[in-house]
Amino acid sequence: MIELKNISFTYENSREGDGQLRHVDLQVERGELVILAGRSGCGKTTLTRVLNGLCSQFYPGELTGSYLLDGQDALKMPVHQLGTMVGSVFQDPRSQFFTTNTTDEIVLGMENIPLERSVMQQRVKAVYSQMNIQRLLDRRIFPLSSGEKQLVAIASVCTMEPKIILMDEPSANLDSDAMVRLGALLYRLKEAGRTILLSEHRFHYVCDSFDRLVFMENGEISSIYSRSEALSLTEAQLTAMGLRPFQSPAFQVGGAFLPKPEDTLQVSQISCVLDGRQILEDVTFSAQSGRILAIAGPNGAGKSTLCRTVTGLCRSMGTVQINGEYLKRKRRTKQSFFVQQDADYQLYAPTVADEFLIGKRASQELRQAALARLHEMGLEPFADRHPASLSGGQKQRLLLALAAESGRDLLVFDEPTSGLDGYNMRLTVKLLRQLASTGKCLLLITHDMDLIAQAADCVLYLEQGKTCYHRNVLRDK
Amino acid sequence: MGAEKRRRFRPDPRTWLLFCLLGIAAILVIRSEIGCLCLFLACLLIHLLAGNGGKILPYGLYYLIFYGIGWLGVGLMDSGVAFSVSSMLSSIGIVSRKVLVPLSFAVCLAGEPTGSLMAALQNLHLPKAAGIGTAVVLRFFPTIAGEYRAIRSSQRFRGIGVGVLHTLTHLPATAEYILIPLILRTTKVAEELSASMTVRGVRFSGETASYRSIRFCWKDAALLVLLLAVSWTALFLERSGVL
C-alpha cells in the first residue's frame with residue numbers, strides 16, 4: 001500500500017537537524033494500523049506531511065527518495081489528488097477548520113471530491129452514529145471545546161473514506177470516553193481495510209488494535225517493533241525511549257474529599273451561562289495548598305469555564321474565597337495565575353529571560369532570580385533565545401517557571417501535558433510536584449490519565465456542568 | 001405521523017446578498033431624512049417577516065442613538081463649538097444610521113452556514129475563489145477576535161494592560177505585547193488552515209457538489225420586491241420634491 005524508499009526531507013531555511021527526515025524506509029500493508037512514536041521533534045509530523053503530499057508541495061524543501069502509493073508514484077501526484085486517497089487529521093484542532101459550522105466542516109472533503117448529496121447524507125449519518133457525536137450536529141464551531149473540535153476533524157476525514165488515514169496526535173484533547181470510542185472507530189476502519197498511520201504519544205486506546213510501532217529518533221526510523229515486541233517493552237525501556245506506557249495507569253479515586261475551613265481555595269455554588277447555554281450549575285469544591293487537584297470530565301463539561309471563573313476571567317454566580325477572603329473577579333485575577341493551553345499567546349518578550357521582567361521594574365536581583373528559575377527548569381541555555389523558537393515542551397516549562405515566579409498561591413494549568421511525549425510529560429509532572437511542595441495550590445484541567453495518575457492528589461470530575469465527584473487519588477504502592 | 005411540520009421560513013443566502021447590495025444602493029441615492037427613515041422601517045419589517053424579530057429592538061435603539069449623536073452634532077454647530085467636533089458628530093450620526101440598513105443584512109448573511117453561502121455563490125455562477133475568499137474571511141474574523149481575547153486574558157496574569165489607565169500609560173509596550181503573539185498565532189492558524197484545506201481538495205478550480213440545498217422561493221422574491229418598492233417610492237417622492 002505504502003512504500004517509502006530512502007526518503008529524506010529538509011525544510012527550506014531550516015536549521016541543521018530541525019524537523020528533518022533522513023533515509024526513511026517503510027512499507028505499510030493494506031489494513032495495517034501503524035503507530036509512529038518518538039520524542040517531540042523526532043520527525044513524525046514531517047513524515048505524515050510527506051505521506052499526504054504537504055512536503056514538499058505545501059511546505060517547501062528538498063525531498064529525495066521514492067514514495068509509492070498503491071503502486072503509483074505519489075511524489076508526482078498533486079496534493080489535492082493525494083488528499084482523496086490519504087485523509088489527514090492535524091494536531092491542533094483549533095486551526096484546521098475552514099467553515100464555521102460543524103456539518104459544513106464534516107462534509108467539506110466530500111463536497112470537493114465531489115460526491116452525490118444522498119451519499120454525503122448517508123455517510124454523515126453513519127459517522128455521527130459510529131462516533132456518537134449527534135450532539136455536535138449543525139453547531140457553530142467556535143464555541144466548541146478543543147476535544148469536540150478534534151472529534152469534528154476526525155469525523156470530517158472519516159466521511160471521505162480515504163484508503164489511508166493519517167492522524168497526528170488525535171487523542172491530545174479527547175476525554176477518556178471519546179478516546180475509547182476513537183479506538184473502536186480505528187479498529188472498525190482497520191477491519192474495513194483502511195490503512196492507518198497514527199503519530200501519537202498516548203497508546204492506551206489502540207493497545208489492542210495496532211500492528212506495528214515505528215520508533216523515530218532524530219529524523220530516522222531507529223527501530224520497528226511488531227505488536228508483541230512493542231507490548232513487551234519494559235517501563236524502563238519506554239522511559240529511556242521517551243515514550244509513555246502502553247497500559248492505562250493504575251490508580252483509583254476513592255473516599256470523599258473533605259473540605260476544611262483553612263483550604264486555600266473555596267468555591268461555592270458557581271453557576272455560569274454563556275451564549276444562552278448553562279455551562280456550570282451549582283459547582284462547589286475546595287482545594288488545599290501543597291496539593292494538586294485535577295479537574296477532569298468529558299469534552300465540553302465546563303472544566304475550562306470553571307477555571308476561568310475561579311481566576312476571575314469569567315462572570316458567574318456564586319462565591320470564590322482565596323486564603324479565606326471572598327474576592328471579586330479582578331482581585332481573583334491578581335491572586336492567581338492561569339496558564340492556558342496554547343503557549344504561543346502567553347509569551348511576549350524578546351528573550352526567554354526577559355519574560356520574567358514583564359510588568360516589573362527590571363533589576364539585577366530579578367534577573368538573577370529569573371536565571372535561577374530557568375536553571376531549575378533546565379532552560380538556562382535558552383535564556384537569550386526568542387520564546388517563539390522554543391519547542392512545545394520547553395514553552396510549557398517556561399510557563400511553569402513564570403507561574404512559579406509569579407508568587408501567587410493559586411496556580412491553574414489548562415492541559416499542561418497535551419501533546420507532550422513521555423519524557424516531557426514526566427518532566428512536567430516532576431516540576432508540578434516541586435511547585436506543589438513549595439505550598440502552592442495547583443489546579444490542573446486535564447484529560448491525561450498519565451498526568452492524573454502521577455501528579456494529582458485529588459480529582460474533581462465534572463459532567464454537563466455539574467460536580468460528579470470530588471475524591472482523593474488512591475495509588476498502587 | 002403523516003403530517004409534516006411546516007418549516008419556518010428562512011431567506012435564501014442569495015436574498016440576503018441582494019438585500020445588502022440593494023441596501024447599499026438605496027442609502028447612496030436616498031438623501032432625505034424621511035426617505036432614510038422609510039428605508040430603515042422597511043428593513044425592520046423585512047427582519048420581522050424573515051423571522052428575525054428579536055433584532056428589531058436593538059436596531060431601533062442603535063438608530064435612535066445615532067440619531068441623537070447626529071442631532072447633538074448639528075446642535076453644537078450653532079453653539080459655536082469647534083467645527084471639527086460638531087461636524088464629526090453629525091457625520092457619525094448620519095452615516096451610521098444609514099449604514100445600519102445594509103449592515104443588518106450583512107450580519108444575517110454572515111450568520112448563514114458556510115456551506116449554504118458557498119452553495120449560493122456557486123448558484124449565482126460566481127467564481128469558486130469568491131466563495132473560498134468569503135468563507136475564509138468569515139472564518140478569520142472570529143479567529144482573530146478569539147485569539148485577541150485569549151491574549152488579553154493571559155496578559156492580565158502578567159500585569160500587562162491591566163485597566164484603561166495602565167494601558168494608556170504603557171501604550172507602546174502593551175500594543176507590542178498584543179501584536180506579536182497575535183501575528184504569530186494568526187500566521188500559524190493561516191498556515192495550518194491552508195494545509196488542512198489543501199489536503200481536503202479545496203482549491204480554486206475543480207468541480208464541487210453542495211451538501212446543503214438552497215431554494216429561492218416566492219417569499220424571498222416578495223421581500224425583495226418590498227425593499228425595492230419602498231426604496232423606489234422614497235426616491236421618487238424625494239425627486240418629486242414631496243420629501
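Hydrogens, waters and symmetry mates are skipped; everything else that's a heavy atom, side chains included, is used.
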Under 4.5 Å from any heavy atom of chain B, what part of [X] do you find: side chain, backbone, both or neither?
X      : answer
A:Y59  : side chain
A:Q346 : both
A:E355 : both
A:L402 : side chain
A:Q81  : neither
A:M120 : both

Query raised in the report: Ion pair present between B:D220 and B:R215, side-chain N to carboxylate O less than 4.0 angstrom?
Result: no
Query - Electrostatic pair B:R200-A:E105, nearest N-O below 4.0 angstrom - result: yes
**Report entry** Between B:A195, B:G159, B:P142, B:G115, the one whose heavy-atom pairs under 4.5 Å with chain A are most numerous
**Finding:** B:A195
Report task. May I ask you to name which of B:R185, B:E191, B:K188, B:M197 has the most heavy-atom pairs under 4.5 Å with chain A? Result -> B:R185
**Report entry** Contacting region of B:L184 [heavy-atom separation from chain A under 4.5 Å]
**Finding:** side chain
Requested in this report: Heavy-atom distances under 4.5 Å only: say whether B:L193 touches chain A with side chain, backbone, both or neither.
Outcome: both
Query raised in the report: Quick check: does any side chain N or O of A:R331 sit under 3.5 Å from a backbone N or O of A:G312, one acting as donor and the other as acceptor?
Result: no
Query - Backbone N/O of A:D104 and side chain of A:N101: donor-acceptor pair under 3.5 Å - result: yes
Requested in this report: Using a 4.5 Å cut-off on heavy atoms from C-beta on, say whether the side chain of A:L82 contacts that of A:N52.
Outcome: no
Query raised in the report: Do the side chains of B:W16 and B:L18 get nearer than 4.5 Å, heavy atoms only?
Result: no
Query - Enclosure of B:F140 CZ (heavy-atom neighbours >12, cutoff 6.0 Å) - result: yes
Report task. Determine the option with the most heavy-atom pairs under 4.5 angstrom with chain B, choosing from A:F98, A:F337, A:F338. Result -> A:F98
